[in-house]
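Below you'll find the structure I mean.
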Amino acid sequence: MLEVSRIREEKEVVIERLKVRNIDVTEKLEEVLSLDTKRKETQLIMDNDLTELNSLSKEIGNLFKSGNIEEANQLKAKTVTLKDNASQQKQNLSEIENAIQKILYTIPNVPNKIVTPGKSDQDNKIVFESGKMPTLPANAQPHWDLIKKYDLVDFELGVKITGAGFPVYKGKGARLQRALINFFLDEATNAGYQEVIPPLLVNEDSGYGTGQLPDKDGQMYHDAQDNLYLIPTAEVPITNIYRDVVLQESDFPIKNVGYTPCFRREAGSWGSDVRGLNRLHQFDKVEIVQLAHPDKSYGILDEMVAHVKGLLDKLELPYRVAQLCGGDLGFTSALTFDMEVFSAAQEKWLEVSSISNFETFQANRLKLRYKSGNNKPQLAHTLNGSALALPRILASILENNQTGNGINIPKVLVPYTGFDKI
RNA sequence: GGAGAAAUGGCAGAGUGGUCGAAUGCGGCAGUCUUGAAAACUGUUGUGCGGCAACGUACCGGGGGUUCGAAUCCCUCUUUCUCCGCCA
């Protein structure tokens with residue numbers, strides 16, 4: 001959520017930068033500013049009423065003490081209208097505040113100035129390519145066939161138990177999945193991230209804190225009975241650890257990593273690219289989250305990208321890094337890099353990680369601040385990235401490493417799988 | 001799920017209708033003393049909103065109510081603890 005103070009201070013910049021998302025927020029910002037002015041006026045009136053009310057109350061107290069009952073009762077009568085006024089203003093105030101918030105909830109984050117305009121992922125800028133495409137055997141198969149052939153993942157079984165998009169991993173498939181999770185967690189831990197195992201269901205406050213609500217209501221599975229949401233990513237519970245927290249400047253950087261299953265309804269996104277493991281309702285992911293000093297967050301974003309590149313290098317997968325254009329940028333992000341792995345048999349680039357700097361957008365909702373010295377608390381920056389999302393990694397490992405009579409396991413995973421071939 | 005107790009500042013802990021944003025202790029910060037440190041002493045030390053500031057205002061788990069006036073009384077919700085029941 002944008003800060004009103006920022007809108008007031010650099011309205012033109014905000015409008016200009018949001019144009020790369022193909023939206024014009026001029027009217028909304030004007031509305032926010034005029035409501036904010038009204039808010040200040042209303043509070044001033046209310047505060048004045050309250051000031052008078054408070055001093056009358058004190059007087060009445062003193063009169064009662066000194067036995068001046070009659071005079072006290074006279075003053076009491078005077079408080080009635082003041083009280084009415086104050087409570088009316090209080091109601092106005094909260095209506096105005098709600099109206100401001102309602103608008104702010106509809107405005108996405110202001111993109112970083114290097115974000116280019118564009119409509120869709122077609123317009124993203126490829127900023128790095130690792131090269132080294134695999135050469136496949138003549139009879140190469142896409143992973144959904146390999147999975148069946150070697151009995152690694154069973155989709156039909158998942159349909160029987162739950163529904164489409166909830167696969168059952170079996171045997172070496174399950175083991176490979178677990179190996180990847182452990183590998184990713186170990187790599188992150190070695191890079192200084194603290195591992196956490198967060199809850200998989202979150203409350204409404206947490207959903208608002210990281211910006212999934214109200215923007216993506218409907219994309220999350222919702223337990224109406226207890227009003228809890230199944231997490232679409234570990235970002236939600238992990239970042240919300242720091243909701244309503246004031247850190248010391250010396251606490252930075254704060255680095256957390258967590259493995260969780262992720263649950264996404266994927267409403268309306270059923271298309272051609274959903275075969276096999278490409279798009280699921282439940283999938284596993286290791287997520288890295290950092291909290292940073294505003295001056296350091298972009299350096300940290302680079303560091304996180306480098307970390308994920310390192311993972312893909314070690315897995316010996318061909319990949320590229322895309323800098324998202326305005327039209328493809330997530331609602332809450334100021335700058336995002338997507339990591340895409342080439343899955344050779346289906347000849348597709350699959351997004352396996354999305355690494356973003358949210359600047360203060362989440363922190364403002366979370367009330368996540370830091371203090372340096374005796375200065376007033378300032379909003380911190382939040383960042384996160386997948387390191388990594390499992391199913392598509394699995395898909396590309398299977399496809400790229402097939403030999404015609406088996407599948408080679410990347411060397412780095414062998415200590416985790418206990419086998420080097422499927 | 002049933003019965004009872006509780007929720008106060010970074011922490012501990014007082015406060016049961018007015019002068020309480022809240023005693024006291026610990027911790028933090030600044031200073032005195034010291035070659036330096038410790039100890040001792042002195043001062044200072046929550047957050048939001050409005051305001052250049054002075055200051056005003058709100059906040060004692062959340063929401064609502066009673067009252068001229070609520071940390072204090074009432075209702076409700078949440079959470080924690082104890083006992084009972086159930087259970088991985």
Side-chain angles (χ1 to χ4, degrees), chain A residues 1-9 32-104 197-209 213 223-229 237 240-252 254 261 291 360 362-380:
Chain A
M1 190 163 68
L2 291 186
E3 299 131 87
V4 177
S5 59
R6 180 172 183 190
I7 295 173
R8 193 172 283 286
E9 280 158 27
V32 167
L33 290 180
S34 91
L35 281 167
D36 192 50
T37 307
K38 213 165 145 196
R39 192 198 101 239
K40 290 181 188 180
E41 291 167 0
T42 308
Q43 190 182 339
L44 191 65
I45 297 170
M46 184 182 77
D47 280 358
N48 287 338
D49 284 346
L50 288 173
T51 307
E52 210 174 321
L53 209 49
N54 286 340
S55 75
L56 276 176
S57 295
K58 258 176 208 167
E59 268 185 69
I60 291 169
N62 289 332
L63 287 172
F64 270 123
K65 252 180 219 165
S66 58
N68 251 326
I69 312 287
E70 269 181 45
E71 214 174 318
N73 282 330
Q74 276 172 9
L75 283 187
K76 264 199 204 180
K78 280 176 73 177
T79 64
V80 177
T81 44
L82 277 175
K83 264 173 81 173
D84 283 351
N85 288 349
S87 77
Q88 181 61 49
Q89 296 304 334
K90 189 181 171 188
Q91 202 185 322
N92 291 348
L93 195 62
S94 81
E95 276 166 19
I96 293 167
E97 280 167 351
N98 286 340
I100 291 174
Q101 192 170 62
K102 205 172 157 193
I103 298 170
L104 289 180
I197 301 178
L200 305 182
L201 285 126
V202 295
N203 59 31
E204 217 175 18
D205 285 346
S206 294
Y208 277 98
L213 292 174
D223 164 28
Q225 199 166 10
D226 295 306
N227 197 23
L228 296 173
Y229 294 85
N240 271 281
I241 291 172
Y242 302 95
R243 173 152 47 85
D244 291 318
V245 165
V246 181
L247 299 160
Q248 288 301 316
E249 191 175 11
S250 55
D251 294 335
F252 291 129
I254 290 177
L291 312 185
T360 58
Q362 291 183 328
N364 190 30
R365 292 193 186 188
L366 292 162
K367 296 198 184 68
L368 162 57
R369 293 164 297 170
Y370 73 95
K371 233 178 148 168
S372 60
N374 287 325
N375 295 327
K376 281 205 145 198
Q378 304 282 320
L379 293 174

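Order of the sequence lines sets the chain letters (A, B, ...), proteins ahead of strands, with each chain counted from 1.
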### Message
Generate the contact string for nucleotides 48-57 of chain B. Rules: B means base contact, S means sugar-phosphate contact only, - means no protein heavy atom under 4.0 Å.
### Response
SBSS----BS

#### Entry: Touch class at under 4.0 angstrom, heavy-atom based, for A/Lys367 against every strand present
nothing

Only pairs under 3.5 Å count here: list side-chain donor-acceptor contacts from residues 80-89 of chain A, not counting sequence neighbours, and write none if there are none.
residue: A/Ser87; atom: OG; partner: A/Asp84; partner atom: O; Å: 3.2
residue: A/Gln88; atom: NE2; partner: A/Asn92; partner atom: OD1; Å: 3.2

### Query
Reading nucleotides 65-76 of chain B from the 5' end, what letters show protein touch, with B for base, S for backbone sugar-phosphate only, - for no heavy atom under 4.0 Å?
---BS-------

### Interatomic distance at C1', B/G10 relative to B/U47, whole Å
13 Å

### Query
Picking from A/Leu201, A/Leu200, A/Leu213, what satisfies side chain to side chain contact (heavy atoms under 4.5 Å, CB included) with A/Tyr229?
A/Leu213

### Task
Please tell me if the side chains of A/Leu104 and A/Asn364 come closer than 4.5 Å, counting only heavy atoms from C-beta onward.
no

### Task
Starting at the 5' end of RNA chain B, write a dot or bracket for each base, bracketing those in Watson-Crick or G-U wobble pairs whose two distances are under 3.5 Å and using | for partners on another strand.
((((((((.[[[..)..(.....]]]((((((.......))))))(((((....))))).[[[[[..)....]]]]])))))))....

### Message
Tell me whether A/Thr37 contacts the main-chain N or O of A/Leu33 through its side chain, where contact means a donor paired with an acceptor under 3.5 Å.
### Response
yes

### Query
Mind checking what makes side-chain hydrogen bond (donor to acceptor under 3.5 Å, both in side chains) contact with A/Glu3, not counting sequence neighbours?
A/Thr360

#### Entry: Separation of atom CG in A/Asp251 from atom C1' in B/G28, rounded to whole Å
14 Å

### Spacing of A/Glu204 atom CD relative to B/U78 atom C1', expressed in whole Å
14 Å

### Close side-chain approach of A/Val32 to A/Leu2, heavy-atom, < 4.5 Å
no

### Query
Hey, are the side chains of A/Glu71 and A/Glu59 touching, using non-hydrogen atoms and a 4.5 Å cut-off?
no

### Message
Once rounded to the nearest 0.5 Å, what's the spacing between atom CG of A/Asp47 and atom OG1 of A/Thr42?
### Response
11.0 Å

### Summary
Rounded to whole Å, CD of A/Glu249 lies from C1' of B/G28 at a distance of 16 Å

### Along RNA chain B (nearest heavy atom to each residue), the more 5'-positioned of A/Lys371 and A/Lys90
A/Lys371

### Task
Could you grab the distance from atom CD1 of A/Ile254 to atom CG of A/Leu247, nearest 0.5 Å is fine?
4.5 Å

#### Entry: Test salt bridge (Lys or Arg N to Asp or Glu O under 4.0 Å) applied to A/Arg39 - qualifying residues, sequence neighbours left out
A/Asp36

